[in-house]
Each structure stands twice: as C-alpha cells, then as structure tokens.
S.K.: 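Got a structure here, written out as structure tokens. Questions coming.
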Amino acid sequence: MIKKITAFLLLLLPVLLLAQYDAPLRIELEDAKDEFNYHLANAGNNGLFVAYEGNRISEDSINWVFLHYDTNLQNDYHFTLPFPLLTEFITYKKSDNYLYILLQKRFPKKSAFKTSLVTVNLQNNQYNVTSISNLTNNQLVELFVRDHEIVIRASDNKSDSLFFYDCLTNTLSSYQCGFTFSVEFCELDTFNHRWLFGLYSKPDRRERQLLLYERDYLSHHEFVQPFPASFPDNSDFIYNSARAAVINQDTMLIIGTYNTFQDKNSAQLHSGVYTVQLHISSFDSAKFYNYSTLKTKTNVAFDSEVNNNILNFQLFVGDISHNRSQYTLATEVYYPEYNNNYSYNGTQMYNYQTFVGFRYVNAYVTTFDAGGNLLWDNYFPFSNLLSQQLTKRLSVEYLGDEALVFYPYNSYIIHTLLRGYDVVERMASIKVENSNAQDKVEYCKNPEVFRWYDDYYLATGYQYVRTKAKNSKSKRYVFYINKLQYK
C-alpha cells in the first residue's frame, strides 16, 4: 500500500445534509488581522497547550490564558495566571512528565526584567508558576530539560550564555568562562550522567574553535568542565557548525558543516558536511563530505563552482534526526533577497534597496551510519519559498527504515518518502484543509508542520480566510491547528 499524508477527519452526521463535507480535525482561534498572539506548546501524547494574553487586571498586570487540548483537539481544561504587563511567551520544553513554559517581561531597563516558569504536571494536570529572580538576560531563546533540571540558553549579538535552574530548590547558576562563545549543541548523555555542550569560541573568524564541555548532573556541581580531549584539528577546513547524537555509553556522533576557507568573505559560508566520533575521552579523525561530491546532484546554476570543488553556501543547519542506525542532518541553502527601488527628490534620481526576505533555494539531506560514514544523500528543492524569518523549514522523521521529508508551503505540505537513495513516494503536496468547503484562504503566515506523537502530525499557522458558508463571518484571520495522520 502506498503511504501518504491524509487529513484526520471527523465523521459528520449526514442527517439533513444535501452534500456532506468531511471537515478536518481542526481548531480555529480568531485573532486581530496580521497579529501573532497565540503560542503553541506541544505536549506529545498528552495533547497540546495554546497560550495567549487575556484580560488586563490592573494598571501593571495582565492575565495569561493556557488552553489544554487533548489528542482529539478537544479543549478539556484551561487555567489563567497573572503576569506583569509586557510579559512575552519565550519558549517551552517537554520532559517525560512535565511541560515547562518560559515567559519574560522585557523592558529597556535591565532591572525591570522578570522571568517566569510555568510548570505543568502532565500526569495529573497540576500546574504552578515560579519566578526566576536572578535571570535578567533579555535574550532567552532555548530550553533543555532533565527531570527537574533546566538548562537555559540565552543569546545576543556577541555571545551566548548558559544558565542552570533547579526547579525543586528554585536555584539558578550560570556558566562563567573567559571567552565569548555560541552554543552549537546541548546533548544529554544519560549513560554517563552528564550534559555535553559543543561551544564555538569566537576570538576571530579565521581562528575560532569548537570546544567541548561537560557537566556531571549527579555530582550537583555548578561548574561546566572542559572535556579532556581537543576537537580534531584540520588546517584545510574551518568547522562552522556541530550537532550531536548519543550512540551508546561509549560513543557519541557529531555531525556538522565545514568551510573551505577562501577569503574573509567566505569565512561564514559552508562547503560540506563532516562527521566525527567522540569516545569517552577522545575523538576519532574527522570525515569530510563536500557538497560537490554528493551523489545527488545540485542545481545546474552551480555547475562551474562544482567543477572547481569550491561550493560555499549560506546555510540554516537543522538538528539530527535518527532511527538508531541512520543519522540525518538537513541543511537548507538560502540567500537574503532585496528589491531595488528608485526615487526622485526633485533634482536627481537615486536608488536604494529594501529587504524582501530570505529566499530558500534547496536542502541537502545527508545520512550517516553510527561510524560517521555516508549512507545516502538527497537534494531537496524548495518551491519559491520566501520567509521573513530565518528558521528551519525542512523536517525529517523516520518511519522504521524510511525517511519522511516534508516542509510547509503556504497552505500546503510538500512531502516525499525515501529509503536510502530509493524514492518510495515521489514528491507530492497535500492541502491543509479548512473547516468549511466554502472557505478560501487569501494568504497564510508562519506555517509549521511537525510530529505530534506516533504517526500524527500538527499543521499550524495563521490564515486570512474568506467564506460563503452560512453562520460564518465572511472574513476572518485565524490561528489554526490541523491534526494530520501519516499512513
């Protein structure tokens, strides 16, 4: 049987219906036009939460509403919590039994910042909110969790920061070092009871290094220790990114991108993918795979560069997807796009550029075994994809030995199914269905598609919808959530 993505449908009673429309399992929450006021937190097989600002309760405080939906997208309970005015939803992370939601009041004065953590027990639906009083960094971007320990990554234009928060004791510590760095990965190694951090030091574009640090979470140390071995050096290439996956108690696989350095203008570009195995206290030699040598060929526009083996791309580097035997890294080629504009001031004509967005060109999907050897690769073209935000578009999910590759495009999902170099299902598209057959989507913003649990997926975003359906507004701007099933 050919597999395909299908909308998960609600069965409607056909009584008194002249023509039945099988409506998708879908939520619509109306919003002010072109606003983005709803925030989804994925709780896996425990459902999902949608958070948004509610009513203002005083001059300096406001209620936030947290709606819980079960796996049938039925709203079974909600709770409301007061926060200071100007509080923003930052990010969330799920552990086995808890969902953590980070919010922060941001204000130009550092002393006015207030960081709050909402904790939901997914087993009994109990919740609480705590204030992380000493966390005043205004660029909190990511959470990593283990039981009741939370690692918080903050970032600004110059450097990243790492904070460690214990939910049981309500204590916060930070990682202090003598250099600026960016966090490439934060991997939990439960075999050896440690967090492993891949940090890029940033002293100089040409000389920056990938450094590995570890933190033993059982010893309750507040310090991140340098790893005893250095990342393998290579005089021909620059390591530009790194992602990690734990293989077993003795081995971790690191996959990232590298650069064939040409000059200062190419230092931040990417030429290919490398792999390296990390053992308990040592590294193997790195393996390098230039994009020009991959079996799946690139766009003909790059032929002259391919022949010279000097491909240098701007890339968005995703995370590793795996099934314990295949480890996949997807990297997305993009470039910033500008419009040329002309204006006349009465005496002379002059031109200027305006930023249009990030144009996504294609993705490279490279897959390796646990030893870092290339198993297969795929060249995945994007269809006229322009975005105001530089974020991950392409996703890879393993279904046994087969890889489902997909991305959202307006109100559609583009997808294909691969088994190594074999195409099990050719690239196709499925429409994200609306609530009524008479609905017409005028435009879509911020579309996302991601795995929810088992073989179910969620498609979310904002749509401006026109409809001729009775008992419906003729125009509405909505935050939507559609449940999809791959079968």
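Any value given below was found using the heavy atoms of this structure, including those in side chains, with hydrogens, waters and symmetry copies removed.
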S.K.: Checking Thr331 against Tyr291: is there a side-chain donor and acceptor pair closer than 3.5 Å?
M.R.: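 The criterion, which ignores hydrogens and geometry beyond distance, is satisfied for Thr331 and Tyr291.
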S.K.: Would you check, one step at a time, whether the test side-chain hydrogen bond (donor to acceptor under 3.5 Å, both in side chains) holds for Asp284 with His279?
M.R.: CA-CA 8 Å; Asp284 281 348; His279 301 292; 3.1 Å; yes
S.K.: Please step through ring-ring contact (aromatic ring centres under 6.0 Å, His included) for the pair Tyr462 and Phe479, ending with a clear verdict.
M.R.: CA-CA 5 Å; Tyr462 291 83; Phe479 175 68; 5.1 Å; yes
S.K.: Do any pairs count as a side chain to side chain donor-acceptor pair (under 3.5 Å) and have a residue in residues 91-102, sequence neighbours left out, and if so which ones?
M.R.: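 Qualifying pairs, neighbours excluded: Asn97-Gln123.
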S.K.: I'd like to know if the side chain of Asn234 and the backbone of Asp236 have a donor-acceptor N/O pair within less than 3.5 Å.
M.R.: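 Yes; judged by distance alone, with no hydrogens or angles, the pair exists.
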S.K.: Does Asp216 use its side chain to pair, donor to acceptor, with the backbone of Leu218 at less than 3.5 Å?
M.R.: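 Such a contact is found between Asp216 side chain and Leu218 backbone.
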S.K.: Enumerate the salt bridge (charged side-chain N to carboxylate O under 4.0 Å, His left out) contacts for residues 240-253, please, sequence neighbours excluded, ordered by first and then second residue.
M.R.: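 Every salt bridge (charged side-chain N to carboxylate O under 4.0 Å, His left out) pair that includes a residue of residues 240-253, provided the two are not neighbours, is Glu184-Arg243, Arg243-Asp319.
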S.K.: Might you work through the side-chain hydrogen bond (donor to acceptor under 3.5 Å, both in side chains) test for Asn240 and Asn259, ending with a clear yes or no?
M.R.: CA-CA 6 Å; Asn240 264 358; Asn259 166 254; 5.1 Å; no
S.K.: With sequence neighbours left out, what residues match Tyr421 under side chain to side chain donor-acceptor pair (under 3.5 Å)?
M.R.: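 Asp377.
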S.K.: Within 45 degrees of the axis of the six-membered ring of Phe164 and under 6.0 Å from its centre: does Arg215 put its NZ or CZ there?
M.R.: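 Yes, a cation-pi geometry holds between Arg215 and Phe164.
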S.K.: Quick check for you: to the nearest 0.5 Å, what is the distance between Phe179 atom CZ and Leu211 atom CG?
M.R.: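 So the gap between those two atoms works out to 5.0 Å.
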S.K.: Looking only at non-hydrogen atoms, find the nearest pair between Leu278 and Leu196 and report the distance.
M.R.: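 Between these two residues, the closest heavy atoms are CD2-CD1, 4.2 Å.
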S.K.: Please walk me through it: do Ser155 and Asp160 pass side-chain hydrogen bond (donor to acceptor under 3.5 Å, both in side chains)?
M.R.: CA-CA 4 Å; Ser155 182; Asp160 284 1; 2.8 Å; yes
S.K.: Do side-chain atoms of Lys114 reach the backbone of Thr87 as a donor and acceptor pair under 3.5 angstrom?
M.R.: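 No, the answer is negative, given that no donor and acceptor are paired below the 3.5 Å cut-off.
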S.K.: Thr115 side chain to Leu135 main-chain N or O, any donor-acceptor pair under 3.5 Å?
M.R.: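 Side chain of Thr115 to backbone of Leu135, a donor-acceptor pair under 3.5 Å: yes, one is there.
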S.K.: Quick one: ring-ring contact (aromatic ring centres under 6.0 Å, His included) partners of Phe450, sequence neighbours excluded?
M.R.: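 Result, ring-ring contact (aromatic ring centres under 6.0 Å, His included) vs Phe450: none returned.
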S.K.: Would you say that Tyr274 contacts Ile254 through its side chain, given a criterion of any heavy-atom pair below 4.5 Å between the two side chains?
M.R.: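 SC-SC contact between Tyr274 and Ile254 confirmed.
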S.K.: Do Thr71 side-chain atoms and Asn45 backbone N/O form a donor-acceptor pair below 3.5 Å?
M.R.: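 Flag not set: sc Thr71 to bb Asn45 has no pair under 3.5 Å.
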S.K.: Quick one: CG on Asn378 to CG on Leu294, what's the gap to the nearest 0.5 Å?
M.R.: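 Here the rounded value is 10.5 Å.
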S.K.: With a distance cut-off below 6.0 Å to the six-membered ring centre and an angular limit of 45° from the axis, does Arg359 pair with Tyr335 as a cation-pi contact?
M.R.: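 Because its charged atom misses either the 6.0 Å distance or the 45° angle limit, Arg359 does not stack over Tyr335.
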S.K.: Looking at Ser321 and Thr328, would you say the former's side chain and the latter's main chain have a donor-acceptor pair under 3.5 Å?
M.R.: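 Not confirmed, Ser321 side chain does not pair with Thr328 backbone.
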S.K.: Out of curiosity, Arg393 CZ to Glu332 CD, how far, rounded to the nearest 0.5 Å?
M.R.: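 Taking CZ in Arg393 and CD in Glu332, the distance rounds to 8.5 Å.
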S.K.: Residues in side chain to side chain donor-acceptor pair (under 3.5 Å) with Asn42, at least two apart?
M.R.: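 Asn42: side chain to side chain donor-acceptor pair (under 3.5 Å) contacts with Trp452.
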S.K.: So does Val356 get a backbone contact from the side chain of Asn339, meaning a donor-acceptor N/O pair under 3.5 Å?
M.R.: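 Judged by distance alone, no pair lies under 3.5 Å.
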S.K.: Checking ring pair (Phe, Tyr, Trp, His ring centres under 6.0 Å) between Phe406 and each of Tyr412, Phe382, Phe380, Tyr457, which is the one that passes?
M.R.: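 Answer after filtering Tyr412, Phe382, Phe380, Tyr457: Tyr457.
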S.K.: Find out whether Val441 and Tyr480 are in side-chain contact, i.e. whether some heavy atom of one side chain is under 4.5 Å from a heavy atom of the other.
M.R.: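 Answer no - side chains too far apart.
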S.K.: Are the side chains of Tyr352 and Asn340 in touch, meaning some heavy atoms are under 4.5 Å apart?
M.R.: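 With C-beta onward as the side chain, the pair stays apart.
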S.K.: To the nearest 0.5 Å, what is the distance between CD1 (Ile481) and CG (Leu484)?
M.R.: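 Atom-to-atom, Ile481:CD1 and Leu484:CG are 12.0 Å apart.
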S.K.: Centre-to-centre under 6.0 Å for Tyr52 and Tyr38, is that the case here?
M.R.: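 Yes, they do, as the ring centres are separated by less than 6.0 Å.
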S.K.: With sequence neighbours left out, write down each residue that passes ring-ring contact (aromatic ring centres under 6.0 Å, His included) with Phe358, or none if nothing qualifies.
M.R.: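 If we apply the ring-ring contact (aromatic ring centres under 6.0 Å, His included) test to Phe358, skipping adjacent residues, the hits are Tyr334, Phe355.
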S.K.: Can you tell if the side chain of Asp34 reaches within under 4.5 Å of the side chain of Tyr443, non-hydrogen atoms only?
M.R.: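 Yes, their side chains come closer than 4.5 Å.
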S.K.: Tyr239 side chain to Pro232 main-chain N or O, any donor-acceptor pair under 3.5 Å?
M.R.: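 Indeed, once roles are kept as given, a pair shorter than 3.5 Å links the two residues.
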S.K.: About how many Å separate CZ of Arg194 and CZ of Arg146, when rounded to the nearest 0.5 Å?
M.R.: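 Output value for this atom pair is 14.0 Å.
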S.K.: What is the ring orientation for Tyr464 with Tyr477, classed by angle as parallel under 30°, tilted 30 to 60°, or perpendicular over 60°?
M.R.: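 Tilted, since the angle between the ring planes falls between 30° and 60°.
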S.K.: Does Asp401 have more than 12 heavy atoms from other residues, nucleotides or ligands lying within 6.0 Å of its CG?
M.R.: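 12 or below, so no.
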S.K.: Aromatic rings Phe288 and Phe237: how do their planes relate, parallel, tilted or perpendicular, breaks at 30° and 60°?
M.R.: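 Geometry flag for Phe237 against Phe288: tilted rings.
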S.K.: Can you classify the ring geometry of His322 versus Tyr327 as parallel (below 30°), tilted (30 to 60°) or perpendicular (above 60°)?
M.R.: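 Rings of His322 and Tyr327: parallel, under 30°.
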S.K.: How close do Leu210 and Gly198 get, counting heavy atoms only, and between which atoms?
M.R.: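 So the two residues come closest at CD1-C, 4.2 Å.
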S.K.: Of all the heavy-atom pairs spanning Leu117 and Cys167, show the shortest one and how long it is.
M.R.: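 Between these two residues, the closest heavy atoms are CD2-SG, 4.0 Å.
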S.K.: Taking all non-hydrogen atoms of both residues into account, name the closest pair between Pro408 and Val449 and its distance.
M.R.: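 Reported closest heavy-atom pair: CB-CG2, 3.8 Å.
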S.K.: What's the separation between atom OG in Ser116 and atom CD1 in Ile90, rounded to the nearest 0.5 Å?
M.R.: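 Taking OG in Ser116 and CD1 in Ile90, the distance rounds to 10.5 Å.
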S.K.: Below 4.5 Å, heavy atoms only, C-beta onward: do Trp195 and Leu162 meet side chain to side chain?
M.R.: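 Trp195 does not reach Leu162 side chain to side chain.
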S.K.: So is Lys445 actually on top of Phe36's ring, under 6.0 Å and inside 45° of the axis?
M.R.: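 Not satisfied by the 6.0 Å and 45° rule.
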S.K.: Do you know which two heavy atoms are closest between Tyr407 and Pro381, and how far apart they sit?
M.R.: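 Nearest pair, atom of Tyr407 first, then Pro381: OH-O, 4.2 Å.
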S.K.: Would you check if His39 and Phe49 make a side-chain contact, meaning some heavy-atom pair closer than 4.5 Å?
M.R.: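 Sidechains of Phe49 and His39: no contact.
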S.K.: Picking from Val151, Asp147, Leu188, what satisfies side-chain contact (heavy atoms from CB on, under 4.5 Å) with Tyr217?
M.R.: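 Running side-chain contact (heavy atoms from CB on, under 4.5 Å) over Val151, Asp147, Leu188 with Tyr217 returns exactly one hit, Leu188.
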S.K.: Please report the C-alpha distance between Thr416 and Arg426 in whole Å, then the side-chain angles of each, then the deciding distance to 0.1 Å, and finally whether the side-chain hydrogen bond (donor to acceptor under 3.5 Å, both in side chains) criterion is met.
M.R.: CA-CA 5 Å; Thr416 186; Arg426 292 184 179 181; over 6 Å; no
S.K.: Any heavy-atom pair between the side chains of Ser411 and Cys444 that's under 4.5 Å?
M.R.: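 Cys444 reaches Ser411 side chain to side chain.
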S.K.: Report yes if the side chains of Thr119 and Ile101 come closer than 4.5 Å at any heavy-atom pair, otherwise no.
M.R.: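 Result no, sub-4.5 Å side-chain heavy-atom pair not found.
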S.K.: Quick check against the 3.5 Å criterion: does Thr293 have a side-chain atom that pairs as donor or acceptor with the backbone of Asn290?
M.R.: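 Flag set: sc Thr293 to bb Asn290 pair under 3.5 Å.
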S.K.: Locate the shortest heavy-atom distance separating Gly357 from Leu386; write the atom from each residue and the value.
M.R.: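 Closest heavy-atom pair between Gly357 and Leu386: C-CD1, 3.7 Å.
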S.K.: Look at the side chain of Ser159 and the backbone N and O of Phe181, then say whether any donor-acceptor pair between them is shorter than 3.5 Å.
M.R.: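 It does hold such a pair.
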